[in-house]
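Structure first, commentary second.
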Amino acid sequence: MYSRIIGTGSYLPEKVLTNHDLEKMVDTSDEWIRTRTGISQRHIAADGQLASDLAVNASHRALENANLKADEIDLIIVATTTPDMVFPSTACILQNKLGIKQCPAFDVQAVCSGFVYALATADAFIRTGKYRNALVVGSEIYSNIVDWKDRSTCVLFGDGAGAVILTQSDQPGILSSHLHADGNFSDVLAVPGSICDGKVQGSPFVNMEGNTVFKFAVKVLEEVAIEAIEENNLQTTDIDWLIPHQANIRIIRSTAKKLGIPMEKVVTTVDKHGNTSAASIPLALDIAARDGRVQSDQYVLLEGVGGGFTWGAALLRW
Ligand code: UT7
């Protein structure tokens with residue numbers, strides 16, 4: 001018994017914030033942002049728009065693409081670092097907004113690796129035979145947790161959601177998944193604040209040692225890609241599409257170069273979306289599936305790295 005993706009969907013909020021808009025907000029320049037990160041714009045959620053609102057739009061599109069009705073979903077997993085509230089989970093709120101009754105629904109918190117963690121979890125559940133159709137979503141509103149006065153972080157992130165429908169199959173769709181974490185690095189990339197005694201204790205904003213994250217990301221994205229490729233007795237030349245987490249075009253280019261995968265085989269959306277954390281991989285996957293780049297029978301390698309640190313990969317046969 002295997003699982004296979006049969007539908008994808010994504011949603012970006014209407015408002016676009018360009019680098020030129022940011023020049024009016026902090027001491028930065030379009031030139032710095034583009035050359036250091038590859039980002040030219042990002043989408044920003046409307047006031048009051050929540051991660052579950054973005055998720056519900058992406059989910060409807062994925063359901064339509066899979067030709068399934070919402071009530072055929074029997075498992076919901078949402079990867080998010082920016083949940084609607086402390087509890088209930090964004091997955092439970094999404095379940096209600098989709099009008100689905102009773103099925104298990106929970107969030108996965110693995111920051112920018114969240115979608116790979118959620119996909120691996122759903123795959124494992126489906127392989128037990130107990131669940132047939134899983135909705136797996138990455139949805140983020142980072143505009144709520146960046147300090148808009150801090151130029152070193154606010155230019156990097158954006159809001160959005162991506163979703164996939166994973167279904168039982170006798171043919172392998174997800175060939176393998178590979179998850180890792182090292183909590184030793186928890187201070188390097190964090191939103192350290194917590195709610196206590198009616199107040200936020202500590203910073204409620206993204207804190208990041210950019211250089212440390214950059215070096216770590218390039219190292220582990222190469223390692224975990226090789227781990228996935230070797231486990232399936234494949235070569236890097238067999239990979240038709242590399243769909244990495246979209247944080248920085250320089251990280252993506254370095255990883256592709258180390259793996260010997262040409263940039264023509266790498267899906268990039270960071271220029272238009274910025275870093276949408278757990279949403280970035282399913283957003284990029286949806287775009288490449290819908291524009292016809294990702295084709296039946298191809299090998300697609302998804303990989304991400306983020307706060308924790310966490311990192312992981314999933315190798316798919318499309
Ligand atoms: O989602 C997973 C987690 N995130 C990532 O993967 C991000 C990983 N890190 C990065 O992408 C990069 O480290 C950054 C894009 C965050 C920073 O790029 P960098 O090339 O590592 O720059 P830097 O932090 O070394 O800063 C270089 C200079 C500094 O000035 P000085 O000290 O050289 O005078 C910064 O103050 O750039 C300055 N700077 C800026 N200048 C204009 C930092 N942010 C900005 C800005 N505009 N927005």
Side-chain angles (χ1 to χ4, degrees), residues 1-11 55-80 89-92 94-108 114-139 161-179 228 232 240-241 243 267 278-279 281-304 312-318:
M1 176 103 56
Y2 300 100
S3 78
R4 166 177 287 278
I5 293 175
I6 56 159
T8 63
S10 61
Y11 176 77
V56 82
N57 287 313
S59 301
H60 279 306
R61 289 175 186 174
L63 284 163
E64 197 185 352
N65 189 236
N67 211 9
L68 279 192
K69 297 208 165 46
D71 62 10
E72 291 175 272
I73 295 295
D74 51 14
L75 172 68
I76 300 174
I77 308 180
V78 175
T80 186
S89 70
T90 303
C92 284
L94 173 65
Q95 185 210 47
N96 189 44
K97 287 184 176 173
L98 289 169
I100 301 172
K101 306 277 178 223
Q102 299 279 342
C103 80
F106 57 92
D107 287 0
V108 162
F115 182 76
V116 174
Y117 266 67
L119 192 71
T121 307
D123 173 55
F125 269 107
I126 287 178
R127 280 168 181 249
T128 65
K130 203 165 169 194
Y131 302 98
R132 174 165 288 276
N133 297 312
L135 170 64
V136 185
V137 186
S139 186
V164 302
I165 310 292
L166 205 61
T167 199
Q168 258 179 23
S169 165
D170 52 8
Q171 297 298 316
I174 298 191
L175 299 172
S176 65
S177 48
H178 308 264
L179 304 179
N232 291 283
D240 295 291
W241 293 105
I243 308 189
V267 177
I281 295 172
L283 259 163
L285 175 63
D286 181 50
I287 285 167
R290 282 174 189 258
D291 69 18
R293 271 179 285 178
V294 174
Q295 300 272 336
S296 183
D297 270 346
Q298 288 183 331
Y299 288 110
V300 180
L301 181 58
L302 313 179
E303 60 169 351
L315 185 54
L316 323 181
R317 190 90 199 250
W318 198 253

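Lys101 and Gln95 get closest at one heavy-atom pair: C-NE2, 4.0 Å. The heavy-atom pair separating Ala55 from Ala161 by the smallest distance is N-CB, 3.9 Å. Shortest non-hydrogen contact noted between Ala313 and Ala228 is CB-CB, 4.4 Å. Val137 and Ser59 get closest at one heavy-atom pair: CG2-OG, 3.7 Å. Here the closest non-hydrogen pair linking Gly114 and Ala278 is CA-CB, 4.3 Å. When every heavy atom of Arg293 is checked against every heavy atom of Trp241, the shortest pair comes out as O-NE1, 3.0 Å.
Residue-environment remark: OH (Tyr2) stays at or below the threshold of 12 foreign heavy atoms within 6.0 Å.
One N or O on the side chain of Asp286 and one on the backbone of Ser10 form a donor-acceptor pair closer than 3.5 Å. Without hydrogens or angle criteria, Asp107 side chain to Ala91 main chain gives a donor-acceptor distance under 3.5 Å.
The side-chain hydrogen bond (donor to acceptor under 3.5 Å, both in side chains) test applied to Tyr131 returns no partner, not counting sequence neighbours. By the side-chain hydrogen bond (donor to acceptor under 3.5 Å, both in side chains) test, Trp318 is found to be paired with no residue, residues two or more places apart in sequence or in another chain being considered.
Looking at Val267 and Leu285, their side chains never come closer than 4.5 Å, going by heavy atoms from C-beta outward. The shortest distance between side-chain heavy atoms of Asp297 and Arg317 falls below 4.5 Å. Side-chain atoms of Ile174 and Ile126, non-hydrogen and from C-beta on, never get closer than 4.5 Å to each other. His60 places a side-chain heavy atom less than 4.5 Å from the side chain of Leu98. In this structure the side chain of Ser177 never reaches within 4.5 angstrom of the side chain of Leu119, judged on heavy atoms. Contact annotation: the side chain of Val108 approaches that of Phe106 to within less than 4.5 Å [non-hydrogen atoms, C-beta and beyond].
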Would you list the atom pairs, donor with acceptor, under 3.5 Å between side chains in residues 64-78 and any protein atom, with sequence neighbours excluded?
residue : atom : partner : partner atom : Å
Asn65   : OD1  : Thr8    : N            : 2.9
Glu72   : OE1  : Lys69   : N            : 2.7
Asp74   : OD1  : Arg132  : N            : 3.1
Asp74   : OD1  : Asn133  : N            : 3.0
Asp74   : OD2  : Arg132  : N            : 2.9

